[in-house]
Amino acid sequence: MAELSMSDLMFREGLMKGQRILITGGGTGLGKVMAEACLMLGAEVYICGRRGGVVEETAKQLTDAHGGKCTGLACDIRVPEAIHDMLDQVWADGPLTGLVNNAAGNFISRTEDLSPRGFDAIANIVFRGSFFVTLDCGKRWLADGNHASVVSILTTWVWHGGPFTVPSAMSKAGLNVMTQSLAVEWGNRGIRLNAIAPGPFPTEGAWARLSPGQSTEQAKADPTIPLNRTGEMRELANLAVYLLDPGSSYVNGQTIAIDGGGHLAGRGRADLASWGDAEWEQARNAIRGANEKDRAQRTV
Ligand code: HXC
Ligand code: NAP
């Protein structure tokens, strides 16, 4: 289902006309709502994910609701050759003007319970995959002298750590440094890199793996956050549009928190320290169920 109407957005109609944006993991959750906002504001949008049917269905839902052009592409960003092929397809219609590194994998686990494959399952998507997409786009922009904006979706864990989500926190911290480094290296050639560090925004994908057993609806109120609530999708979408658009052209190398002030009040999953073996077993089984359901839909 489409989520937004124009009154959710703080920008004028047509703001992003002429822009061409790729959002990795844009078939679901936060990626989907950012795709929707860009489409509503006139951008041509590409979304990718491993579940071909999901990205195609999302592209259809969004264009049925808002018109415009949104293309769903099946791509596994863990595979550099697959990224290259996808970007050849995108560039055949013209260069991108913006990239959102949004695709991710995550699950809660005691770090001592992780296998090397468990670590790689996350790091290969978040750390390596996001870098490969940025690098392949960057080479194309630099070769042709195109200007562009890259926005990476991180977490506030890049500042205070992420207990029980260590591979994700480490990988996101790496992307934070990528953002700062390339902002300097590529800035003088018209390529800006910024990042967003969201606090909790209840999505099906994140909740199945980070708060198994709690519904996204239940998660809306949160007394541990200074604003007493989790984030709303339109709030994230507005910040992403701001950073993608040339209206923010002097903002470069920044990571902006959007978390109701949560990280200043000491966030992270330190609460999980009280769990025993039984709770972890139960969580692992619930997460496995979500992973198996998604894997059955993958087409690449
Ligand atoms: C310990 C686990 C585990 C768990 C999987 N593994 N789940 N280990 N605890 N709960 C281990 C497996 O045992 C296996 O290692 C290895 O990880 C690979 O598992 P697969 O299921 O084969 O992985 P794969 O099919 O590649 O799936 C990747 C995935 C999955 C990351 C595990 O969750 C996924 O596809 N996620 C995509 C969507 C997602 O995660 N969205 C949430 C993003 S939210 P062994 O050694 O046993 O073979 C987010 C929020 C951040 O990032 C901030 C919130 C505030
Ligand atoms: P989500 O709905 O599970 O989104 C993750 C997306 O990434 C999925 O569409 C998934 O699609 C895609 N993806 C995963 N691996 C991929 C791969 N190898 N290649 C291509 N696509 C891949 O979760 P979300 O909550 O919207 O998360 C979106 C982003 O926000 C993530 O970066 C997450 O870390 C970040 N974030 C979320 C929260 C939150 O509270 N929700 C907080 C902070 C940060 P496929 O499975 O089809 O590939």
Side-chain angles (χ1 to χ4, degrees), residues 23-35 47-56 58 72-79 82-83 86 100-126 128-130 132-133 151-158 162 164-165 167-169 171-172 175 195-212 216 219 222 225 230-231 233 236 240 257-259 262-263 267-269 280-300:
I23 301 174
T24 65
T28 61
L30 301 186
K32 180 176 175 179
V33 82
M34 290 187 278
I47 55 178
C48 73
R50 293 165 298 177
R51 289 168 290 170
V54 169
V55 284
E56 277 168 26
T58 294
L73 299 166
C75 177
D76 185 341
I77 65 160
R78 293 174 295 187
V79 183
I83 295 168
M86 171 180 68
V100 183
N101 286 315
N102 165 81
N106 206 349
F107 51 74
I108 48 167
S109 173
R110 289 186 292 211
T111 302
E112 61 268 33
D113 292 342
L114 289 171
S115 65
R117 267 175 47 82
F119 179 84
D120 284 349
I122 293 167
N124 285 348
I125 303 172
V126 181
R128 290 165 55 87
S130 305
F132 293 144
V133 180
V151 177
S152 297
I153 309 300
L154 309 181
T155 78
T156 55
W157 303 339
V158 302
F164 303 101
T165 49
S168 167
S171 299
K172 298 282 192 183
L175 295 184
I196 295 176
F201 282 72
T203 64
E204 296 298 331
W207 254 243
R209 289 153 179 112
L210 298 179
S211 299
T216 52
D222 187 336
I225 294 173
T230 50
M233 302 302 254
L236 193 279
I258 177 164
D259 70 339
H263 76 286
R267 292 288 303 170
R269 297 305 306 272
W280 280 111
E281 180 64 25
Q282 201 179 0
R284 193 169 175 140
N285 287 337
I287 293 167
R288 189 175 293 131
N291 288 345
E292 279 166 8
K293 183 166 157 271
D294 284 4
R295 202 169 28 242
Q297 291 180 289
R298 282 185 206 159
T299 52
V300 288

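All values derive from a computational prediction rather than experimental measurement. All ligand and atom numbering here is 1-based and tracks the order in the structure.
Taking only nitrogen or oxygen atoms, main chain and side chain alike, Thr155 does not reach within less than 3.5 Å of ligand 1. Any N or O atom pair closer than 3.5 Å counts here, and Arg295 shares at least one such pair with ligand 1. Residue Asp294 has no nitrogen or oxygen atom sitting less than 3.5 Å from a nitrogen or oxygen atom of ligand 2, judged on distance alone. Considering backbone and side-chain atoms alike, Arg50 places an N or O below 3.5 Å from some N or O of ligand 1. Taking only nitrogen or oxygen atoms, main chain and side chain alike, Arg78 reaches within less than 3.5 Å of ligand 1. Considering backbone and side-chain atoms together, Asn106 places an N or O closer than 3.5 Å to an N or O of ligand 1.
Judged by distance alone, the side chain of Thr299 and the main-chain N or O of Gly52 form a donor-acceptor pair under 3.5 Å. A donor-acceptor contact shorter than 3.5 Å links the side chain of Asn102 to the backbone of Gly25. A donor-acceptor distance shorter than 3.5 angstrom exists from the side chain of Thr230 to the backbone of Ala219, with no hydrogens or angles considered. Checked by atom type and distance alone, the side chain of Arg298 never pairs as donor or acceptor with a backbone atom of Asp294 at under 3.5 Å. In this structure, the side chain of Ser211 does not engage the main chain of Trp207 through any donor-acceptor pair within 3.5 Å.
Of the protein's non-hydrogen atoms, Arg298 NH2, 3.5 Å is the one closest to atom 27 (O) of ligand 1. Looking only at protein heavy atoms, the nearest one to atom 35 (C) of ligand 2 is Ile153 CG2, 3.6 Å. Nearest protein heavy-atom contact of atom 29 (C) of ligand 2 is Asn102 OD1, 3.1 Å. The shortest contact between atom 1 (P) of ligand 2 and any protein heavy atom is with Thr28 OG1, 3.5 Å. Looking only at heavy atoms of the protein, atom 36 (N) of ligand 1 is closest to Arg209 NE, 3.6 Å. Among protein heavy atoms, the minimum distance from atom 24 (P) of ligand 2 is reached at Thr203 OG1, 3.5 Å. Remark: minimum distance from atom 15 (O) of ligand 1 to any protein heavy atom is reached at Ser115 OG, 3.3 Å. With hydrogens left out, the protein atom closest to atom 55 (C) of ligand 1 is Trp157 CZ2, 3.8 Å, a heavy atom. Protein heavy atom closest to atom 19 (O) of ligand 1, with residue, atom name and distance, is Arg117 NH2, 4.5 Å. For atom 1 (C) of ligand 1, the closest non-hydrogen atom of the protein is Arg284 NH1, 3.3 Å. Remark: minimum distance from atom 5 (C) of ligand 1 to any protein heavy atom is reached at Phe107 CE2, 3.5 Å.
Atom numbering of ligand 2 starts at 1 in the shown order; those under 4.0 Å from a heavy atom of Lys172 are 31 (C), 32 (O), 33 (C), 34 (O). In summary, the atoms of ligand 2 found under 4.0 Å from a heavy atom of Thr155, numbered by their order in the structure, are 43 (C), 44 (C). Shown in contact with Ala206 at under 4.0 Å from a heavy atom are these atoms of ligand 1, numbered in order with element: 42 (C), 44 (S). Interface of Gly118 with ligand 1, defined as ligand atoms under 4.0 Å from a residue heavy atom, comprises 11 (C), 15 (O), 16 (C), 17 (O). Those atoms of ligand 1 with a heavy atom of Ala121 less than 4.0 angstrom away are 18 (C). For ligand 2, the atoms lying closer than 4.0 Å to a non-hydrogen atom of Trp207 are 40 (O). The Arg51 neighbourhood of ligand 2 comprises atoms 11 (O), 45 (P), 46 (O), 47 (O), with distances under 4.0 Å to a heavy atom of that residue. Close approach to Arg78 involves these atoms of ligand 2, each under 4.0 Å from a residue heavy atom: 18 (N). Under a 4.0 Å criterion applied to the non-hydrogen atoms of Phe201, ligand 2 contributes the atoms 39 (C), 40 (O), 41 (N). Close approach of ligand 1 to Ile287 (heavy-atom distance below 4.0 Å) involves ligand atoms 10 (N). Near Gly105, meaning under 4.0 Å from any of its heavy atoms, are these atoms of ligand 1: 31 (C), 36 (N), 37 (C), 39 (C), 40 (O). Close approach of ligand 2 to Gly205 is summarised as follows: ligand atoms under 4.0 Å from at least one heavy atom of the residue are 3 (O). Short contacts between ligand 2 and Leu30, defined as distances under 4.0 Å to a heavy atom of the residue, involve ligand atoms 26 (O), 30 (O), 37 (C).
Within a 6.0 Å radius of CD in Gln282, no more than 12 heavy atoms belonging to other residues, nucleotides or ligands are found. Within 6.0 Å of CZ in Arg78 there are more than 12 heavy atoms belonging to other residues, nucleotides or ligands.
Judged by distance alone, the side chains of Asp259 and Thr156 never bring a donor and an acceptor atom under 3.5 Å apart. With hydrogens and angles left out, the side-chain atoms of Arg288 and Asn285 include a donor and acceptor closer than 3.5 Å.
Lys172 is not listed as a side-chain neighbour of Thr165, based on a closest heavy-atom distance of 4.5 Å or more. Residues Thr28 and Arg51 are in side-chain contact: their nearest non-hydrogen atoms beyond the backbone lie under 4.5 Å apart. Taking 4.5 Å as the limit, some side-chain heavy atom of Ile153 sits within range of a side-chain heavy atom of Val100. Residues Val126 and Ser168 fail the side-chain proximity criterion, which asks for heavy atoms closer than 4.5 Å. In this structure, the side chains of Cys48 and Val133 stay at 4.5 Å or more apart for every pair of heavy atoms. Looking only at side-chain heavy atoms (C-beta outward), Phe107 and Leu114 come within less than 4.5 Å of each other. In this structure, the side chains of Pro212 and Ile108 come closer than 4.5 Å at one or more pairs of heavy atoms. You'll find the side chain of Lys32 stays beyond 4.5 Å of the side chain of Thr203, heavy atoms only.
Protein heavy atoms are absent from the space less than 4.0 angstrom from atom 12 (C) of ligand 1. In this structure, atom 27 (O) of ligand 2 has no protein heavy-atom contact shorter than 4.0 Å.
The side chain to side chain contact (heavy atoms under 4.5 Å, CB included) search around Ala169 returns Trp157, not counting sequence neighbours.
Here atom 20 (C) of ligand 2 lies nearest to Cys75 when heavy atoms of Cys75, Gly25, Gly31 are compared. Relative to atom 29 (C) of ligand 1, the option among Asp294, Asn291, Leu114 with the closest non-hydrogen atom is Asn291. Considering each of Met233, Arg128, Arg50, Lys32, the one bringing a non-hydrogen atom nearest atom 14 (C) of ligand 2 is Arg50. Looking at Pro198, Ala74, Pro200, it is Pro198 that brings a heavy atom closest to atom 43 (C) of ligand 2. Taking only non-hydrogen atoms, the option from Ser211, Pro200, Gly205, Ala104 nearest to atom 38 (C) of ligand 1 is Ala104.
The proximity of Ile77 to ligand 2, defined as any non-hydrogen pair under 4.0 Å, involves the side chain as well as the backbone. When non-hydrogen atoms are compared, ligand 1 lies under 4.0 Å from the side chain of Leu210 (C-beta onward) but not from its backbone. Looking at Leu154 against ligand 2, only its backbone comes within 4.0 Å, counting heavy atoms. Contact annotation for Ser168 and ligand 2: no heavy atom of the residue comes within less than 4.0 Å of the ligand.
Note on ligand 1: Phe201 sits outside its first shell, no heavy atom being nearer than 4.0 Å.
Minimum interatomic distance between Thr24 and Ile77 (heavy atoms only, all atoms of both residues): CG2-CG2, 4.4 Å.
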